[in-house]
Structure formats: structure tokens, C-alpha cells
Amino acid sequence: MMFDVYCVSQILSGNKTVTRRMPSGKRPAVPGHRHWLKIDRTKKCYGLINIISCELEKISDLTDAEAIREGFNDKEHYMNYFRHLNGDVEKDQLVWRVEFELL
């Protein structure tokens, strides 16, 4: 599963245990499966994560506590990051919430 450099550092330090992904036709992860932690399509991997859950939810359901699990200070900080990556989103936009653990 690919992340940017900031998110990889947050995962490796134990601060990031969930990620949210825009729907793109199929589920981005399956509980019980393992994914290499990557920042690009090269062979370099930074670790291995185990998928705990993968569920659809509204982006507006995000709380400060969930933003912290995303590796950010609060909901506002995370939403600025999310919009930077995905553009403006409606409050009822469904996103995949993927929970994982670093192995």
C-alpha cells in the first residue's frame, strides 16, 4: 500500500494506524491481508502492515481522535491534508477507512 513520506514516518513511529482512501471502483484492502509499506512503485519497502478492517464511512464522520490515529494533530489539520491530495470533497463523501497494524 502506498503512502507519502510523511505518512510512512508516522506509521513507523506508531502514530498512524488508519488511512482513508477515496473510492476508486474496488475495496483498497482486505482484512487479514498484508501489504508492503511503500512510497512509490519501486521495489523499496519500509515495512509490512496487516489490514485489520476496511469499511466505508462519510468523511464528515472524522473526529479529532480519528485524525490523531491518521497521524495528524486534529481534524482540521487532517482535512487540509486530505483536500490537498483529493481536492474539495462534499461532507457526505464516502471514503474507505482502512485500519492496520505495523508488523
Side-chain angles (χ1 to χ4, degrees):
M1 187 170 271
M2 283 201 275
F3 295 88
D4 61 20
V5 173
Y6 174 79
C7 288
V8 167
S9 69
Q10 292 293 18
I11 292 167
L12 295 176
S13 67
N15 294 325
K16 182 173 179 68
T17 58
V18 297
T19 187
R20 283 167 174 76
R21 305 291 170 110
M22 291 290 286
S24 63
K26 66 178 189 169
R27 181 185 234 184
V30 176
H33 287 203
R34 294 177 177 178
H35 292 260
W36 292 109
L37 186 55
K38 302 180 80 166
I39 60 170
D40 55 31
R41 297 194 185 277
T42 65
K43 291 183 180 185
K44 185 166 184 170
C45 296
Y46 297 86
L48 190 62
I49 58 173
N50 180 55
I51 305 302
I52 295 169
S53 66
C54 182
E55 303 293 332
L56 282 170
E57 69 174 25
K58 291 179 185 176
I59 192 67
S60 60
D61 291 343
L62 182 80
T63 62
D64 281 338
E66 277 291 297
I68 291 169
R69 293 189 70 199
E70 282 275 7
F72 292 84
N73 296 331
D74 55 33
K75 179 180 178 175
E76 181 181 355
H77 187 208
Y78 175 75
M79 286 305 300
N80 287 336
Y81 169 82
F82 189 84
R83 286 185 192 105
H84 172 75
L85 293 178
N86 299 291
D88 287 332
V89 293
E90 295 182 25
K91 72 176 191 170
D92 290 335
Q93 172 68 51
L94 290 176
V95 294
W96 287 105
R97 180 191 178 274
V98 181
E99 184 175 356
F100 57 86
E101 62 186 344
L102 180 64
L103 299 176

Closest approach of G71 and Y6, non-hydrogen atoms and distance?
O-OH, 2.6 Å
In Å and rounded to the nearest 0.5 Å, what is the CG to CE distance from L37 to M1?
10.0 Å
Working to the nearest 0.5 angstrom, can you tell me the gap between T17 OG1 and I11 CD1?
9.0 Å
So, using ring-ring contact (aromatic ring centres under 6.0 Å, His included) as the criterion, who are the partners of Y81 when residues are at least two apart?
F72
Find out if a path of hydrophobic residues (ILVMFWY) with successive side-chain heavy-atom gaps under 4.5 Å connects L56 to V89.
no
Applying the 4.5 Å side-chain criterion to the ILVMFWY set and letting contacts propagate, would M79 and I68 be lumped into a single cluster?
no
List, by chain and then residue number, the residues other than L48 in its hydrophobic cluster (Ile/Leu/Val/Met/Phe/Trp/Tyr, side-chain heavy atoms under 4.5 Å); write none if there are no others.
W36, L103
Just so I know, are the side chains of I39 and D4 near enough to count as touching, which here means a heavy-atom distance under 4.5 Å?
no
With a cut-off of 6.0 Å (strictly less than), are more than 12 heavy atoms of other residues, nucleotides or ligands near CD of E57?
yes
Between V98 and L85, is there a shared hydrophobic cluster once you connect ILVMFWY residues whose side-chain heavy atoms come closer than 4.5 Å?
no
Can you measure from NZ (K16) to CZ (F3) and round to the nearest 0.5 angstrom?
6.0 Å
The side-chain contact (heavy atoms from CB on, under 4.5 Å) partners of D40 (sequence neighbours excluded) come to T42
How far apart are the closest heavy atoms of F82 and R20, and which atoms are they?
CE1-O, 4.0 Å
Identify the heavy atoms of L12 and Y46 that sit nearest to each other, and give their distance.
CD2-O, 3.4 Å
For a 4.5 angstrom cut-off between non-hydrogen side-chain atoms, does N80 reach H84?
no
Please set out all donor-acceptor pairs under 3.5 angstrom arising from side-chain atoms of residues 90-97, sequence neighbours excluded.
from: R97; atom 1: NE; to: E66; atom 2: OE1; distance (Å): 2.8
from: R97; atom 1: NH2; to: E66; atom 2: OE1; distance (Å): 3.3
from: R97; atom 1: NH2; to: E66; atom 2: OE2; distance (Å): 3.3

Mind checking whether R83 and D88 have side chains closer than 4.5 Å, heavy atoms only?
yes
Within a strict 4.5 Å, meaning less than it, do heavy atoms of the F100 and I51 side chains meet?
yes
Going by salt bridge (charged side-chain N to carboxylate O under 4.0 Å, His left out), name the residues that satisfy it together with K75, two or more places apart in sequence or in a different chain.
none
Show me, pair by pair, the donor-acceptor contacts under 3.5 angstrom made by side chains of residues 21-32, not counting sequence neighbours?
from: R21; atom 1: NE; to: T19; atom 2: OG1; distance (Å): 3.2
from: R21; atom 1: NH1; to: M2; atom 2: O; distance (Å): 3.4
from: R21; atom 1: NH2; to: M2; atom 2: O; distance (Å): 2.9
from: R27; atom 1: NH2; to: C54; atom 2: O; distance (Å): 3.0

